[in-house]
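No hydrogens, no waters, no symmetry mates; every other heavy atom, side chains included, goes into these values. The first residue in the sequence is number 1, and the count goes up from there.
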Amino acid sequence: MPRSDYLFTSESVSEGHPDKVSDRISDTVVDAYIAAMPEARLGVETLTTTNRVVIAGEVRGPDSVTFKDLEDLTRAAVKDIGYEQAGFHWKNNEVAIYLHAQSADIAQGVDAAGNKDEGAGDQGIMFGYAA
């Protein structure tokens, strides 16, 4: 197909956008688990909206990382970003955490012998980045 036959678009969001806030929180959760256990495996998603943060996904990592720890780290990340306003404030936003053990099927794929090119076992394709 010639290039003139299609249109390619992309979205770029600025600092403070809910997508970037969510990425920062997800990174914070992953960092907490990796710091406690370098071989931890996580598939974590974060959603932010008015006075609410929802963290969900699968984790294979130490029990020493508690939901209370993750809530505190989430609030610290939101505070560091600078959110102290009506509608989204680090001190009083609701933080809901729905993390559970990694699926045995995914774990089986990740733990397969030989070449470790499988990644986390449920890889997708990502375009772009958050900075």
Side-chain angles (χ1 to χ4, degrees):
M1 166 183 335
R3 258 181 201 240
S4 61
D5 292 339
Y6 69 92
L7 177 65
F8 180 84
T9 64
S10 182
E11 176 187 29
S12 176
V13 297
S14 61
E15 186 177 42
H17 186 280
D19 289 349
K20 289 199 185 273
V21 174
S22 294
D23 287 345
R24 171 76 178 275
I25 294 167
S26 290
D27 286 347
T28 299
V29 170
V30 170
D31 289 348
Y33 276 96
I34 296 296
M37 186 175 111
E39 62 278 3
R41 295 198 177 102
L42 299 93
V44 176
E45 298 287 341
T46 303
L47 171 142
T48 56
T49 188
T50 305
N51 270 334
R52 182 174 302 224
V53 175
V54 178
I55 301 169
E58 296 186 339
V59 175
R60 186 173 4 160
D63 292 336
S64 62
V65 179
T66 67
F67 283 8
K68 176 65 173 131
D69 295 334
L70 297 177
E71 179 180 344
D72 292 346
L73 289 167
T74 296
R75 291 185 188 288
V78 173
K79 181 180 181 182
D80 188 56
I81 292 167
Y83 273 107
E84 293 185 350
Q85 62 192 38
F88 199 72
H89 195 295
W90 64 270
K91 199 181 289 186
N92 60 12
N93 62 6
E94 181 183 336
V95 178
I97 301 173
Y98 301 100
L99 296 176
H100 58 85
Q102 183 182 49
S103 156
D105 294 329
I106 290 175
Q108 179 182 3
V110 174
D111 294 338
N115 189 348
K116 291 295 189 178
D117 289 340
E118 297 92 11
D122 59 350
Q123 297 303 110
I125 295 174
M126 196 66 142
F127 178 84
Y129 63 93

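- Hydrophobic clustering keeps Val54 apart from Val59 (ILVMFWY residues linked when any side-chain heavy atoms are closer than 4.5 Å, directly or through intermediates).
- Minimum heavy-atom separation, Glu71 to Ile97: N-CD1, 3.9 Å.
- Within the 4.5 Å cutoff, the side chain of Tyr83 has heavy atoms near those of the Val21 side chain.
- The shortest side-chain heavy-atom distance between Leu73 and Val29 does not fall under the 4.5 Å cut-off.
- Remark: Asn92 CG to Glu84 CD distance equals 10.5 Å, nearest 0.5 Å.
- Enclosure of atom CD in Glu45 is not indicated, since only 12 or fewer non-hydrogen atoms of other residues, nucleotides or ligands lie within 6.0 angstrom.
- Ile55 is connected to Ile81 through a chain of hydrophobic side-chain contacts under 4.5 Å among Ile, Leu, Val, Met, Phe, Trp and Tyr, so both are in one cluster.
- The shortest heavy-atom contact between Gly61 and Tyr33 is CA-CD2, 4.0 Å.
- The minimum heavy-atom distance linking Ser26 with Thr46 is given by the pair OG-OG1, 2.7 Å.
- Proximity of a side-chain donor or acceptor of Asn51 to a complementary backbone N or O of Phe88 within less than 3.5 Å is detected.
- Thr28 is not listed as a side-chain neighbour of Thr74, based on a closest heavy-atom distance of 4.5 Å or more.
- Contact of the Arg24 side chain with the Val78 side chain is not registered, since no non-hydrogen atoms from C-beta on lie closer than 4.5 Å.
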Applying side-chain contact (heavy atoms from CB on, under 4.5 Å), run through Trp90 and Val53 and close with a yes or a no. CA-CA 10 Å; Trp90 64 270; Val53 175; over 6 Å; no
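- In this structure, Asp69 contributes its side chain and Thr66 its backbone to a donor-acceptor pair below 3.5 Å.
- Looking at every heavy atom in both residues, Met37 comes nearest to Pro62 through CB-CD, 3.5 Å.
- Connection of Leu47 to Leu70 is not established within any shared hydrophobic cluster, with ILVMFWY side chains joined at heavy-atom distances below 4.5 Å, either directly or through further cluster members.
- Across Ala32 and Val65, no two heavy atoms sit closer than the pair O-CG2, 3.8 Å.
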